[in-house]
There are 2 protein chains.
Amino acid sequence: MDKIDIKQLAKDLNLSTSTVSRAFRGNSDINAKTKERILARARELNYQPNLYASSLRERKSKTIAIVVPELANNFFSQAIRGIEQVAREKGYHTLIYVTDDEYQKEVSFIDNMSNGRVDGIIMSASGESKDHNYLNKLKKKHMPLVFFDRVYDDIDVAKVTTNDYDSSFNATRHLIAAGCRRIAFLVINKSLSIGKMRVQGYIDALKAEHIPFNEDLIIDCSNDHRKNYNILSKVMKTLKPDGLFAAVERLAIASYYVCHDLGIAIPRKVKIISFSSLEIAPLLNPSLTTITQPALEMGIKAAQLLFRSLETSAPVHDQVVLKSKIIPRKSTSA
Amino acid sequence: MDKIDIKQLAKDLNLSTSTVSRAFRGNSDINAKTKERILARARELNYQPNLYASSLRERKSKTIAIVVPELANNFFSQAIRGIEQVAREKGYHTLIYVTDDEYQKEVSFIDNMSNGRVDGIIMSASGESKDHNYLNKLKKKHMPLVFFDRVYDDIDVAKVTTNDYDSSFNATRHLIAAGCRRIAFLVINKSLSIGKMRVQGYIDALKAEHIPFNEDLIIDCSNDHRKNYNILSKVMKTLKPDGLFAAVERLAIASYYVCHDLGIAIPRKVKIISFSSLEIAPLLNPSLTTITQPALEMGIKAAQLLFRSLETSAPVHDQVVLKSKIIPRKSTSA
DNA sequence: TTGTACGCGTTATCAA
DNA sequence: TTGATAACGCGTACAA
């Protein structure tokens, strides 16, 4: 009763393996009754076609990869949910890869996918915009790739992003309207596409509001909480900004810790706004004003693009831009 | 330059496929220089052995499944990190499945894994303790399974849990010491093993402290935020507890929302403690007292048990119990 | 140390 | 409608 394969099942039923196989494939002609009989017996014996044999034979895995920088983050977990939803409908499985924001892991994951493990990849980038040769290999192998949120500009594939420039512009004006004049912009990777857009929106909003732009107020942070804590402590003590604009959720969190510890009152002394999908933003002390991205929709859209490529066997190059929403809360109240 | 297989590579090198194959397998005898030559050329041509062919041939996938109820949760994302860490060391890949706390999805995932897709499964259960026949099938197929945190008592496999009873007992005493006399216990699934343990710790602590136990104060909640919000609103208005003990993080979050909206001051009017791995518990308003589980270690331990089973080809039945830690914060200050 | 040949479990093609 | 057979790409006896 151990491992049962198609041959044993066929013998048990006095049928050929081809007939049995047909019972499991939707299309081929097969007598409805024999099909019933086969499937019934298969259930009894707990038979399922071996995935690896099928994939080998059909030259596809019915599996897609999702590559994200981190998991413990509402934005990504919602996006993943959206992707999985679509994949499930299409009968595909999903493989999740977490890079922990390490570029090297991203490279290694992608390299390990070219062996046919997956039929396509949906990714939010982790790295610096450096050497993307590992991604070009994918194209050679006709492995479709779709980016969402964090993209590499120099890679010509389908991308799903949000209107980062506009959001950033509006968020900056929101701070200014709340009375801020000395706004620090906290960013992790200025050079990554998403960082660039967000910085530019900030700079242009300052200009539009006739507030002089000060290069020193663009604060380069890291992915390490400890380092960020130190960087931001110094910023608060020496630069004394009256507004903080976090390009990434974790920088808002770090700012909260610093302000709590230094006894800097939010929003009285400093106002904070952040790109964030944090569900419990309303419960923070004080509640955090966020620019929230439509994470679920982004995931769904990205998956749809990937499947269009998979189904047409043709590359897809759509650039989809969805809209984020600013949700004002106490951290920026005047 | 499209898809390249072992034959083409072999021809290119004037070698046989077996020799090429050997270059990629650790063990077999092969001349060091030819191996070098093969690997070098493989890199050039971007060749990688086809996963499905290998798996079919070797009858294993070098992949394990991780099944969790949810992703947007620090506990699970840390546990996953632990599991992946171990898996990576062993050269295994991980497949993450999210059930959204739906028992049916769990069943369907597991059923879909028996086809050789994975070599083993690490799971935190989603369901009610009902029909576990789908799990018994795994045993028949010699597919090892390890539970962590949320387990089914009636399934005899390796399990990694925390000292839930003790933690619950101590947490209840913590509330009592802070002055609570009317403590509501919020739970999602009383019948699931983990719920039972936590409830019992609560009940026994009341007894030990000579506080009468009131059945009505055990509040059965759901996985739906909206429903929980309504349930808890009613609880706060009618039962007027002075302490809330949340068996699960999301119930603490829901409680916060309710108290904020009803203007019930925490901790003055009601004190709250919760099982939770929330990283930003200190930033909540007020900061949340938590019972925090060693999520990463649990993941690592679970993975180690699974690999022991995989490596020895024998079932493993260890019951590992790790310790949680109570971290007092403002939500329970006297 | 290398090569030959078979089989892993499926499915598609073709013939019956 | 069903059955026989070849092939998917690889790894390993076995022979050389």
Side-chain angles (χ1 to χ4, degrees), chain A residues 2-39 41-42 45-63 91 112-119 141-143, chain B residues 2-39 41-42 45-63 91 112-119 141:
Chain A
D2 204 17
K3 306 234 178 181
I4 178 163
D5 62 15
I6 200 172
K7 276 184 211 158
Q8 298 172 48
L9 182 56
K11 187 174 293 178
D12 181 284
L13 288 159
N14 269 324
L15 288 170
S16 74
T17 58
S18 345
T19 309
V20 174
S21 174
R22 276 189 273 260
F24 285 91
R25 324 253 343 124
N27 42 352
S28 313
D29 312 294
I30 184 174
N31 183 301
K33 278 180 194 162
T34 37
K35 179 170 178 178
E36 266 317 305
R37 199 160 64 90
I38 293 170
L39 293 181
R41 188 71 181 134
L45 296 180
N46 200 23
Y47 166 79
Q48 280 183 275
N50 179 290
L51 171 79
Y52 293 92
S54 300
S55 293
L56 176 58
R57 182 59 231 238
E58 299 187 67
R59 290 132 155 276
K60 55 184 181 175
S61 61
K62 286 270 187 182
T63 304
N112 273 300
M113 282 173 205
S114 336
N115 60 0
R117 175 176 281 274
V118 297
D119 297 340
K141 300 219 175 187
H142 300 121
M143 169 98 70
Chain B
D2 204 15
K3 307 231 176 182
I4 178 165
D5 63 14
I6 199 171
K7 274 185 213 157
Q8 298 172 48
L9 182 56
K11 186 174 292 178
D12 181 283
L13 289 159
N14 268 324
L15 287 170
S16 76
T17 58
S18 20
T19 309
V20 174
S21 175
R22 276 189 271 261
F24 285 91
R25 324 259 340 132
N27 42 351
S28 313
D29 311 295
I30 185 174
N31 182 303
K33 277 180 192 160
T34 37
K35 180 170 177 177
E36 267 317 304
R37 197 159 66 90
I38 293 170
L39 292 180
R41 188 70 182 135
L45 295 180
N46 200 24
Y47 165 80
Q48 280 184 277
N50 178 290
L51 171 78
Y52 294 92
S54 302
S55 293
L56 177 59
R57 180 61 232 245
E58 297 188 68
R59 290 132 155 280
K60 53 183 184 176
S61 62
K62 287 271 186 180
T63 304
N112 274 300
M113 282 172 204
S114 337
N115 60 0
R117 177 177 279 274
V118 297
D119 297 341
K141 300 219 175 185

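Residue numbering restarts at 1 for every chain, and letters A, B, ... go by the order of the sequence lines.
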Self-check item: Touch class at under 4.0 angstrom, heavy-atom based, for B/Thr34 against every strand present
Solution: sugar-phosphate
Exercise. If a pair satisfies salt bridge (charged side-chain N to carboxylate O under 4.0 Å, His left out) and one of its residues is in residues 7-19 of chain B, list it, with sequence neighbours excluded.
Key: B/Asp12-B/Arg41
Exercise. Check the distance between D/dG9's P and A/Lys141's NZ and give it to me in whole angstrom.
Key: 12 Å
Practice problem: Using a 4.5 Å cut-off on heavy atoms from C-beta on, say whether the side chain of B/Ile30 contacts that of B/Ile38. | Solution: yes
Quiz item: Looking across every strand, which nucleic acid part, if any, lies under 4.0 Å from A/Asn31 by heavy atom: base, sugar-phosphate, or nothing?
Solution: sugar-phosphate
Exercise. Give the rounded distance in Å between these two atoms: NZ of B/Lys11 and P of C/dT4.
Key: 13 Å
Exercise. Check the distance between D/dT1's C1' and A/Glu36's CD and give it to me in whole angstrom.
Key: 16 Å
Quiz item: Can you list the steps and then say if B/Ile6 with B/Asn50 is a side-chain contact (heavy atoms from CB on, under 4.5 Å)?
Solution: CA-CA 9 Å; B/Ile6 199 171; B/Asn50 178 290; over 6 Å; no
Quiz item: Mind checking what makes side chain to side chain donor-acceptor pair (under 3.5 Å) contact with A/Ser18, not counting sequence neighbours?
Solution: A/Ser16
Quiz item: OP1, OP2 of D/dT2 versus side-chain N and O of A/Thr19: anything below 4.0 Å?
Solution: no
Self-check item: Atom-pair distance (CZ on A/Arg37; P on D/dT1), nearest Å
Solution: 15 Å
Quiz prompt | Interatomic distance, B/Asp29 CG vs D/dA13 P [rounded to whole Å] | solution = 12 Å
Practice problem: Before giving the answer on side-chain contact (heavy atoms from CB on, under 4.5 Å), spell out for A/Leu9 and A/Leu45 the whole-Å C-alpha distance, their side-chain angles and the decisive distance to 0.1 Å. | Solution: CA-CA 8 Å; A/Leu9 182 56; A/Leu45 296 180; 3.9 Å; yes
Quiz item: Which residues pass the side chain to side chain contact (heavy atoms under 4.5 Å, CB included) test with A/Arg117, sequence neighbours left out?
Solution: A/Leu95, A/Tyr97, A/Asn115, B/Leu51, B/Thr63, B/His93
Quiz item: Reading nucleotides 9-16 of chain C from the 5' end, what letters show protein touch, with B for base, S for backbone sugar-phosphate only, - for no heavy atom under 4.0 Å?
Solution: BBBB----
Quiz item: Tell me: CZ of A/Arg117 to P of D/dG9, nearest whole Å?
Solution: 18 Å
Quiz item: Taking five pairs at each end of the helix from C/dT1-D/dA16 to C/dA16-D/dT1, what angle separates the two helix axes (nearest 10°)?
Solution: 40°
Practice problem: Take A/Gln48 and B/Asn112 through the side-chain contact (heavy atoms from CB on, under 4.5 Å) test and state the conclusion after the steps. | Solution: CA-CA 8 Å; A/Gln48 280 183 275; B/Asn112 274 300; 4.0 Å; yes
Self-check item: Atom pair distance, as rounded to whole Å: CD in B/Gln8 and C1' in D/dC10
Solution: 14 Å
Quiz item: Got a sec, which pairs hit salt bridge (charged side-chain N to carboxylate O under 4.0 Å, His left out) with one end in residues 21-36 of chain B, sequence neighbours left out?
Solution: B/Arg25-B/Glu58
Quiz item: Is there a donor-acceptor pair under 3.5 Å between the side chain of B/Asp119 and the backbone N or O of B/Lys60?
Solution: no
